[in-house]
S.K.: 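Take this structure first; my questions come after.
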Amino acid sequence: MQHTAHTCRAREVLDRVGDKWSLLVISLLGERSMRFTELKREIDGISQRMLTVTLRALERDGIVTRTVYPVMPPRVDYALTPMGETLITAASTLVAWAEAHRGKIDAARAEYDARAKETAAIKTR
């Protein structure tokens, strides 16, 4: 496959929507609009900075909207745009697959690491 400007642009978009944090944000916002603190609480392991960066990038790409309500303290809600809603099925399917296969993946990693350790030990003899 020849890499054209078109395929490079597609890769750029896939890099955005395909990273682990974006997939989790899209999947959660597919259920309902959420506040920043709700997203942070629901996404295990994400830092405040990384969530901010992810939300800004998704907003810039037209996938997420940010609505600020003029109340004290300020309230900000995040939601999927109509274009973002077209990603719900793909994002949710990938997240569900990862959750369903987490145990098998952990076992495969442990087996691989044990073989690699054994191979390294043989080479040092």
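Not measured: the values here are computed from a predicted model.
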S.K.: Under 3.5 Å, side chain of T81 to main-chain N/O of G62, donor-acceptor pair present?
M.R.: yes
S.K.: Counting distance only, does the side-chain N/O of D61 pair as donor-acceptor with the main-chain N or O of I63 below 3.5 Å?
M.R.: no
S.K.: Can you tell if the side chain of V76 reaches within under 4.5 Å of the side chain of R35, non-hydrogen atoms only?
M.R.: no
S.K.: Measure the OH-CZ distance between Y78 and R66 for me, rounded to the nearest 0.5 Å.
M.R.: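 If I round to the nearest 0.5 Å, the distance is 4.5 Å.
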S.K.: For E42 and L39, indicate whether the former's side chain and the latter's backbone hold a donor-acceptor pair under 3.5 Å.
M.R.: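 It does not hold such a pair.
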S.K.: Indicate, with yes or no, if V53 and L80 share a hydrophobic cluster defined by side-chain heavy-atom contacts under 4.5 Å among Ile, Leu, Val, Met, Phe, Trp and Tyr.
M.R.: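 No; tracing contacts between hydrophobic side chains, which count when under 4.5 Å, never links both residues.
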S.K.: Indicate the atoms forming the closest heavy-atom contact of A91 with I26, along with that distance.
M.R.: CB-CG2, 3.7 Å
S.K.: Connecting only ILVMFWY residues whose side-chain heavy atoms lie within less than 4.5 Å of each other, what is the rest of I105's hydrophobic cluster?
M.R.: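 Besides I105, the hydrophobic cluster comprises W97, listed by chain and residue number.
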S.K.: Supply the atom-to-atom distance T65 OG1 to L55 CG, rounded to the nearest 0.5 angstrom.
M.R.: 10.5 Å
S.K.: Report the hydrophobic cluster partners of Y112, with the cluster defined as I, L, V, M, F, W, Y residues connected by side-chain heavy atoms closer than 4.5 angstrom, directly or transitively.
M.R.: none
S.K.: To the closest 0.5 Å, what do you measure between CG (L23) and NZ (K20)?
M.R.: 11.0 Å
S.K.: State the OG1-CG distance between T67 and D77, to the nearest 0.5 angstrom.
M.R.: 6.5 Å
S.K.: Start with the C-alpha distance between R115 and D113, add both sets of side-chain angles, then the distance that settles salt bridge (Lys or Arg N to Asp or Glu O under 4.0 Å), and finish with yes or no.
M.R.: CA-CA 5 Å; R115 282 194 320 266; D113 292 346; over 6 Å; no
S.K.: Between the main-chain N or O of I46 and the side-chain N or O of K40, is there a donor-acceptor pair closer than 3.5 Å?
M.R.: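 Answer holds: yes.
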S.K.: Hey, does E38 have a side-chain heavy atom less than 4.5 Å from the side chain of R32?
M.R.: yes
S.K.: Are M50 and V95 connected, step by step, through hydrophobic side chains (Ile, Leu, Val, Met, Phe, Trp, Tyr) whose heavy atoms are closer than 4.5 Å?
M.R.: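 M50 and V95: one cluster.
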S.K.: Looking at side-chain heavy atoms only, is the closest gap between R75 and V68 below 4.5 Å?
M.R.: no
S.K.: So, S92 side chain and T89 main chain: donor-acceptor pair closer than 3.5 Å or not?
M.R.: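 Not confirmed, S92 side chain does not pair with T89 backbone.
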S.K.: Once you round to the nearest 0.5 Å, how far does CG of L51 lie from CH2 of W21?
M.R.: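 Taking CG in L51 and CH2 in W21, the distance rounds to 9.5 Å.
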S.K.: If you measure from the Lys or Arg side-chain nitrogens to the Asp or Glu carboxylate oxygens, is any gap between D106 and K104 under 4.0 Å?
M.R.: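 Here D106 does not pair with K104 in a salt bridge, since their nearest N and O are not under 4.0 Å apart.
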S.K.: Quick one: are L58 and S22 in side-chain contact, heavy atoms under 4.5 Å?
M.R.: yes
S.K.: Could you tell me whether the side chain of T52 reaches within less than 4.5 Å of the side chain of F36, counting heavy atoms only?
M.R.: yes
S.K.: Enter the distance from T37:OG1 to Q48:CD here, rounded to the nearest 0.5 Å.
M.R.: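 If I round to the nearest 0.5 Å, the distance is 10.0 Å.
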